[in-house]
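In what follows, a structure is listed as structure tokens, so that the remarks can point back to it.
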Amino acid sequence: MVDTAASVRRSETRIHEAYLEAMGVAGDNPEHPSVLAVVQQNRLTKFEIHESVLDYYRNMPRTAERDPNVELAIYINVIIRGAFEDWHQDLQQRLRQS
């Protein structure tokens, strides 16, 4: 019984360490992102957006088919979702290695 409890604690420690160390990053350009999202511990910890991106959508003409605010929200959500997916993949890889 003692060995089982110790084994469970070791497993919990490895899972917790993987959770703390995993990180996900996504941006619109790998070299010089104008939009960047970072996820750690299943939380968005950093989000940056360059003023030029905001200007682009601010100056986009509104039509019946395209609303600049909706287009910008979709663009941002895709980047953030990518960071969460990257974090999840990193976490899974760390758990497999432990």
Side-chain angles (χ1 to χ4, degrees):
M1 185 70 167
V2 174
D3 291 336
T4 302
S7 176
V8 168
R9 278 194 295 280
R10 282 193 301 275
S11 293
E12 288 174 343
T13 299
R14 285 194 303 270
I15 291 168
H16 183 69
E17 287 172 354
Y19 180 81
L20 292 176
E21 294 171 1
M23 185 166 97
V25 178
D28 60 347
N29 180 326
E31 303 267 335
H32 304 285
S34 56
V35 180
L36 176 71
V38 177
V39 172
Q40 295 171 305
Q41 298 179 15
N42 203 28
R43 289 186 172 86
L44 181 65
T45 57
K46 182 176 186 178
F47 180 78
E48 295 179 357
I49 186 165
H50 193 269
E51 189 67 31
S52 63
V53 175
L54 298 174
D55 287 342
Y56 174 80
Y57 286 98
R58 197 177 291 131
N59 295 324
M60 180 186 283
R62 178 172 292 191
T63 65
E65 296 83 29
R66 294 182 73 178
D67 180 340
N69 294 325
V70 172
E71 296 288 325
L72 177 59
I74 291 169
Y75 189 67
I76 289 170
N77 285 333
V78 166
I79 301 295
I80 291 173
R81 182 178 175 150
F84 274 98
E85 289 174 357
D86 191 51
W87 173 83
H88 188 260
Q89 289 174 357
D90 187 36
L91 176 63
Q92 294 301 315
Q93 182 178 357
R94 289 173 186 277
L95 290 173
R96 281 190 297 274
Q97 292 173 352
S98 63

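- Atom OH of residue Y57 and atom CD1 of residue I49 lie 8.0 Å apart, to the nearest 0.5 angstrom.
- Contact between V53 and S34 at its shortest, heavy atoms only, is CG2-OG, 3.4 Å.
- For the residue pair A37 and A83, the shortest heavy atom distance occurs at O-CB, 3.6 Å.
- Under the 4.5 Å side-chain criterion, counting only non-hydrogen atoms from C-beta, N42 is in contact with F84.
- In the hydrophobic cluster analysis, where Ile, Leu, Val, Met, Phe, Trp and Tyr join through side-chain heavy atoms closer than 4.5 angstrom, V78 is grouped apart from L54.
- The existence of a salt bridge linking E71 and R62 is excluded, since no basic side-chain nitrogen approaches an acidic carboxylate oxygen closer than 4.0 Å.
- How far CD of E85 is from CZ of R81: 5.0 Å, rounded to the nearest 0.5 Å.
- The backbone N or O of D3 lies less than 3.5 Å from no partner atom in the side chain of S7, so there is not a single donor-acceptor pair.
- Taken from CG in L95 to CG in D90, the straight-line distance is 9.5 Å, to the nearest 0.5 Å.
- Residues Y75 and V70 do not share a hydrophobic cluster, defined by chaining ILVMFWY side chains whose heavy atoms lie under 4.5 Å apart.
- A26 and G82 make their closest contact through CB-C, 3.6 Å (heavy atoms, listed as atom of the first residue, atom of the second, distance).
- Residue V25 shares its hydrophobic cluster (ILVMFWY side chains chained together at separations under 4.5 Å) with M23, L36, V38.
- Y19 contributes a side-chain N or O that, together with a main-chain N or O of Q41, makes up a donor-acceptor pair within less than 3.5 Å.
- Side chains of V39 and D86 form no contact here, defined as non-hydrogen atoms less than 4.5 Å apart.
- Cluster membership check: F47 shares its hydrophobic cluster with L72, using side-chain heavy-atom separations under 4.5 Å among Ile, Leu, Val, Met, Phe, Trp and Tyr.
- Taken from CG in N29 to NE2 in H50, the straight-line distance is 12.5 Å, to the nearest 0.5 Å.
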